[in-house]
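Below is one structure, written out as structure tokens; comments come after it.
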Protein chains: 2
Amino acid sequence: MSEGLRERKKRETRLRISDIATGLFMARGFDNVTVAEVARAADVSVNTVFNYFATKEDLLLDRTPEVEELLVRVFLERGPGESVLQAVRRDFLEALGAGHYRYGFHEGGDVFIRIIEASPSLSARVREMNETREHRLAEAVADELDADPDDLTPAVVAAQIGATLRTVVGYAVRRMLAGETVEAIAPDLRRQAEHAFALLEKGIGDYGARREGRQRS
Amino acid sequence: MSEGLRERKKRETRLRISDIATGLFMARGFDNVTVAEVARAADVSVNTVFNYFATKEDLLLDRTPEVEELLVRVFLERGPGESVLQAVRRDFLEALGAGHYRYGFHEGGDVFIRIIEASPSLSARVREMNETREHRLAEAVADELDADPDDLTPAVVAAQIGATLRTVVGYAVRRMLAGETVEAIAPDLRRQAEHAFALLEKGIGDYGARREGRQRS
DNA sequence: CACTAATTTTTAAGTCACTGCAAAATTTGT
DNA sequence: ACAAATTTTGCAGTGACTTAAAAATTAGTG
């Protein structure tokens with residue numbers, strides 16, 4: 001009784017709609033494709049589309065939950081003695097080195113970036129995503145360090161880390177929009193990231209560092 | 001030949017629409033008021049409303065340009081030896097002390113905050129505003145220090161300052177939504193701001209400090 | 001004042017995301 | 001095979017926003 005016909009069909013339909021929508025968006029841009037077209041191409045009614053996806057933006061940005069939890073995960077899985085900032089920087093650089101570009105959403109290359117950058121509503125969505133990503137991190141940090149509810153430090157640190165990350169990613173985005181590949185940018189990007197995080201680290205110090213002999217993972 | 005009838009009427013009409021819209025939004029919330037209602041109350045057609053304001057959000061957030069240039073102005077007018085961060089912090093604390101709450105948009109008290117917080121599209125607009133505010137600051141800093149185009153430092157610093165500011169303001173907003181007045185929050189807010197900026201300062205140091213004998217204002 | 005050009009306002013018709021609801025189709029368990 | 005639960009669809013909105021052309025207003029000139 002792992003999965004009934006109903007569940008399977010739902011999963012398939014959802015995936016089909018999302019895939020077809022993404023394809024159309026890539027081919028013609030987000031704002032030049034209507035939900036009705038997506039529905040027609042996926043052979044469902046418009047209402048069914050909205051049954052699976054709350055907004056048109058969700059058709060493309062379906063993995064936002066993962067992105068929003070990314071920093072929390074990195075924080076919770078950080079090594080002994082590693083500070084919040086150290087963990088994020090390490091994970092970012094690892095991702096960069098491994099070619100897994102999880103910080104620029106999607107491994108699809110610059111196609112997604114172009115779609116998002118060209119659409120105001122998608123850009124707005126990404127900003128929202130960044131915000132909640134920082135809020136989640138702040139929560140997690142405050143929680144694990146059981147900080148005083150009136151202590152803004154977790155929120156400040158999370159926001160500053162998020163700001164740094166966004167700036168560095170923004171740099172990469174700009175160069176990718178100019179036509180360069182991730183591989184071509186990587187060395188510069190690494191340098192910029194190290195510099196940007198260093199700028200922040202001297203201020204944050206070891207705040208949030210997990211104490212030795214108390215680590216989780 | 002200071003101002004013809006036509007210009008005066010335009011100015012008046014624009015102001016009337018904006019004022020009436022703001023009044024309606026305050027009374028019944030942003031999403032419970034249609035543009036058609038605003039138009040009817042202002043005794044113009046819907047198209048005239050859109051003639052003056054590009055979006056419904058602009059009916060309320062009409063002063064965004066000022067907010068977006070705020071940090072640039074503070075930066076450009078900073079005193080001798082004062083760093084970017086020092087200037088922003090000083091201006092923020094001055095505003096707080098003087099009761100001029102220009103960092104929490106509008107002196108109207110918590111009413112605006114409530115309207116904005118209750119409306120997703122307005123919140124999105126505020127996020128966008130914050131972003132361009134940081135971009136403007138980054139531009140101005142890079143410009144005045146004539147930084148290398150590949151130097152991310154101005155952008156990183158601007159983003160981190162913006163993040164800090166947003167966090168502190170967010171703290172105030174939360175307490176105001178809980179019913180407290182600005183005056184009641186002020187002391188805590190001051191302390192939090194000093195702490196948050198201190199957190200950042202140790203990392204930023206004197207970056208962006210105007211060199212002695214070279215100031216502008 | 002009269003008359004024309006420029007500008008603003010309105011009217012009308014439409015697009016598109018998204019909602020609510022009831023009917024129809026499908027799946028499930030028995 | 002039948003009834004209950006669930007999913008899909010059709011239909012009729014709502015509301016922000018666009019476009020284009022007609023109508024009203026204002027400006028400038030003789």
Side-chain angles (χ1 to χ4, degrees), chain A residues 1-18 20-22 24-25 28-62 64 115-116 118-126 128, chain B residues 1-18 20-22 24-25 28-62 115-116 118-125 128:
Chain A
M1 60 177 347
S2 57
E3 188 191 48
L5 174 60
R6 191 166 265 165
E7 267 99 37
R8 201 191 69 222
K9 270 201 167 182
K10 277 186 73 172
R11 195 167 39 77
E12 285 171 353
T13 304
R14 183 192 172 87
L15 190 63
R16 175 162 40 94
I17 295 174
S18 171
I20 286 179
T22 302
L24 287 174
F25 294 154
R28 294 165 36 208
F30 186 76
D31 295 319
N32 302 319
V33 176
T34 71
V35 175
E37 282 180 289
V38 172
R40 191 149 30 82
D43 204 45
V44 291
S45 77
V46 174
N47 271 28
T48 300
V49 174
F50 283 115
N51 213 349
Y52 285 102
F53 303 90
T55 67
K56 185 186 177 186
E57 287 75 31
D58 284 334
L59 286 168
L60 188 70
L61 302 179
D62 203 15
T64 46
I115 301 176
I116 294 170
S119 160
S121 60
L122 282 176
S123 301
R125 193 60 185 275
V126 168
E128 194 185 344
Chain B
M1 60 175 351
S2 56
E3 188 191 47
L5 173 61
R6 193 168 263 166
E7 267 100 36
R8 201 190 69 220
K9 271 203 168 181
K10 277 186 74 172
R11 197 167 39 76
E12 286 171 351
T13 304
R14 184 191 170 87
L15 190 63
R16 175 162 40 93
I17 295 174
S18 172
I20 287 179
T22 302
L24 287 175
F25 295 154
R28 294 164 36 208
F30 186 76
D31 294 319
N32 300 320
V33 176
T34 72
V35 174
E37 281 179 290
V38 172
R40 191 151 31 82
D43 203 46
V44 292
S45 79
V46 173
N47 270 29
T48 300
V49 173
F50 283 117
N51 211 350
Y52 285 102
F53 302 90
T55 67
K56 184 186 176 186
E57 287 75 32
D58 284 333
L59 286 169
L60 189 70
L61 303 180
D62 203 14
I115 301 176
I116 293 170
S119 160
S121 60
L122 282 175
S123 301
R125 193 57 184 278
E128 194 186 345

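Numbered from 1 within each chain, the chains take letters A, B, ... in sequence-line order.
- Atoms CZ (B:Phe53) and P (D:dG15) sit 21 Å apart, rounded to a whole Å.
- What separates CG of A:Leu59 from P of C:dC16 is a distance of 16 Å, to the nearest Å.
- Near DNA chain C, defined here as any heavy-atom distance below 4.0 Å, the residues from residues 32-40 of chain A are A:Val33, A:Thr34, A:Val35, listed numerically.
- Residues A:Val35 and A:Phe50 meet the side-chain proximity criterion, which asks for heavy atoms closer than 4.5 Å.
- Atom CG of B:Asp62 and atom CD of B:Glu57 lie 12.5 Å apart (nearest 0.5 Å).
- Residue A:Glu57 contributes atom CD, which lies 9 Å from atom P of C:dA17 at whole-angstrom precision.
- The cationic group of A:Lys56 lies under 6.0 Å from the six-membered ring centre of A:Phe30 and within 45° of the ring axis, placing it in a cation-pi geometry.
- Partner of B:Ile17 under the side-chain contact (heavy atoms from CB on, under 4.5 Å) criterion, chosen from B:Thr22, B:Asp43, B:Val49, B:Asn51: B:Val49.
- The structure places CG of A:Asp58 at 10.0 Å from OG of A:Ser18, a figure rounded to the nearest 0.5 Å.
- Between the axis at the start and the axis at the end of the helix from C:dC1-D:dG30 to C:dT30-D:dA1 there is an angle of 0°, using five pairs per end and rounding to 10 degrees.
- A cation-pi contact, defined as under 6.0 Å to the ring centre and within 45° of the axis, is absent between A:Arg16 and A:Tyr52.
- As a whole-Å value, the separation of A:Glu12 CD from C:dT26 C1' is 15 Å.
- No donor-acceptor distance shorter than 3.5 angstrom exists from the side chain of A:Thr48 to the backbone of A:Val44, with no hydrogens or angles considered.
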Before you tell me yes or no, could you show the steps for B:Thr55 and B:Arg125 under side-chain contact (heavy atoms from CB on, under 4.5 Å), namely the whole-Å CA-CA distance, both residues' side-chain angles and the distance that decides it to 0.1 Å?
CA-CA 11 Å; B:Thr55 67; B:Arg125 193 57 184 278; 3.4 Å; yes

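- Residue A:Lys56 contributes atom NZ, which lies 14 Å from atom C1' of D:dA16 at whole-angstrom precision.
- Distance alone, capped at 3.5 Å, is enough to place a donor-acceptor pair between the B:Ser123 side chain and the B:Ser119 backbone.
- For the residue pair B:Leu24 and B:Ala41, the shortest heavy atom distance occurs at CD1-CB, 4.2 Å.
- Atom-to-atom, CG of A:Asp58 to P of C:dA17 comes out at 14 Å; the value is rounded to the nearest Å.
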In B/S/- notation, 5' to 3', how is nucleotides 1-10 of chain C contacted by protein heavy atoms closer than 4.0 Å?
-----BBSBB

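- At a threshold of 4.0 Å, the pair A:Arg8-A:Glu12 counts as salt-bridged, since one of the basic side-chain nitrogens sits closer than that to a carboxylate oxygen.
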